Amino acid sequence: MIEALQLEFMQHAFIAAFLASIVCGVIGTFVVVNRIVFISGGIAHAAYGGIGLAFFLGLSPILGILGFSLLVSVVMAAITWKARHRADTIIGVLWALGMALGVILLDLTPGYNVDLMSYLFGSILTVPTSDLWLMLGLTALVVLTVGYFYQGFVSLSYDEEFAQVKGVPVRLLYFLLMAMIALSVVMIIQIVGLILVIALLTIPPYIAERYSRSLLTMMLYSILLNILFTFVGLWISYEFNLTSGASIIMVGGVGFFISFPAWRIRPKRALS
Amino acid sequence: MKQSPDIEVRDLWFSFNGNPVLEGVNLEIYPGDFMAIIGPNGGGKTTLLKLMIGLLKPDRGSVRLLGHPPREVAQRIGYVPQELGPDKGFPISVFDVVLMGRLKGGGGRWRFSKADQTLAREALERIDMWAYRNVRIGELSGGQRQRVFVARALVAEPELLLLDEPMASVDQKGQTDFYALLKDLNETVTIVLVSHDPMVLSSHIKSVACVSKQVYFHNAPEITQEMIKMAYHCPVELISHGPLPHRVLPDHPGEEDD
């Protein structure tokens, strides 16, 4: 493992995993407590349309994904704002439409198509330096935005009506949250691919939720768990020559099931 | 001189998906009042309350709180929303829930100030829940949680307290305590309470509004023949359970204390 860390592509992989862990921990926490896992899955899968569009127009794929998933997230936000908990049919349609659009645009793109599997299942071992800088920028953007609006996001998540009465711009924050889900999707696609995005967004916050008494601690635990899962997954994939994205998710899945018996032996709540 | 009303509803019309919910509502609530909004399910009680605080926009007519449009005085209003079943899993402590009442707008604040935290402490002590400050809100009983929500409303130091079905998940003992708390608060705060519960007509209430598309206001804690006749939907149990506590106020409540 030590010699693996000498390799530049492994260094890049660990940096990318670290940055994605931060973003997934922060955004995944909101995804889990707001019960918008399905919307996040929709945004992630519809992002495939962005890949198709980027290749069709000859643009950088990551910019294609970024632009397209931002667009999809705004559309999803607009559709789900009025009836957040019952818009699942429309989300499902957009989910499938985005993917179909991507496939057709790739069909129409002349010449040899690149390895699309890497977008479906991740390509963490081939992250170029330029993408690392982009990821760093996105991470900073997400962390600063959530930090600035932290109390607003907490109140929106806990009691939207009360937040609205208190003058919190709930609609703006909801759209912002959707846009940040799109940003995190862009980053996670690099790590585990769009098929597996949901796992990194949901498994760590779900485990963390039961041990947390605030969204902030839930985020911090989620970030730590994400780092644990991605690093162990990367190591396993290197040692045993397995697909990195799937290895990471398997580690997360094992952690998920271990967390159930572990929960029984947690310390009882403290009254003070 | 007549005091200006805390809440003034003028010719208010509201419909939902084309179905009329409220038609031509007029209502004035004066400082110091403790009003119960009663009426049948689907009669528009909660809708009226949400229109009052500006969560819903009327089709026609106007609402003024403390002489202003509702959204402009949000900081001076305490609101206790209807409880739709606790989200047991949500990781938030009692103290943080109460601090939410100090929110002003959405951004720019990572933490609440020392002054806000002191107010939250005072609000929790007032409802006897300070010992529970670090407990996750989902671990409380229904009655305890409801009191925390009142503390969250009080922490804004409101002049007007609006509560939507606060008794929904509170047992009998809890209800008695809760009414005692509200009566105590009513010394300084105008209270409007939505309820479908007959017990609401206890001696704490000063006036009643019966909502069933239209609003029938009575400036005493009782249901009149007239109200029953006009709002024939109103819960029959209210009048079938023997003598109701009846108290006629000596004067208009708004004129007593200036």
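These numbers come from the heavy atoms of this one structure, side chains and all, not from hydrogens, waters or symmetry mates. Below, chain A is the first sequence line, B the second, and so on; all start at residue 1. Because the structure is predicted, anything quoted here is derived from the model rather than measured.
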For this session: Considering only heavy atoms and a distance below 4.5 Å, find which of A/V170, A/V32, A/L215, A/T29 pairs most often with chain B.
Result: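 Looking at each option in turn, the highest pair count goes to A/L215.
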Note: [X]-[Y] ion pair, threshold 4.0 Å (strictly below):
X	Y	result
A/D159	B/R152	yes
B/R76	B/E157	no
B/R10	B/E28	yes

Exercise. How are the rings of A/Y174 and A/W81 set relative to one another: parallel (under 30°), tilted (30 to 60°) or perpendicular (over 60°)?
Worked result: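 Geometry flag for A/W81 against A/Y174: tilted rings.
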For this session: Against chain A, label B/I77 side chain, backbone, both or neither, depending on which of its atoms sit under 4.5 Å from a heavy atom there.
Result: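 For B/I77, the backbone is the part near chain A, not the side chain.
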For this session: Could you tell me which portion of B/V97 (side chain, backbone, both or neither) has an atom closer than 4.5 angstrom to a non-hydrogen atom of chain A?
Result: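 Interface part for B/V97: side chain.
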For this session: Measure from the ring center of A/Y221 to the ring center of A/Y211 and say whether it is less than 6.0 Å.
Result: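 No - the distance between ring centres of A/Y221 and A/Y211 does not fall below the 6.0 Å cut-off.
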Exercise. Do you know which of B/P70, B/G54, B/G101 has the most heavy-atom pairs under 4.5 Å to chain A?
Worked result: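 Top option by heavy-atom pairs under 4.5 Å: B/G101.
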Exercise. So which part of A/S157 gets closer than 4.5 Å to some heavy atom of chain B, the side chain, the backbone, both or neither?
Worked result: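 When you check distances to chain B, atoms from both the backbone and side chain of A/S157 fall under 4.5 Å.
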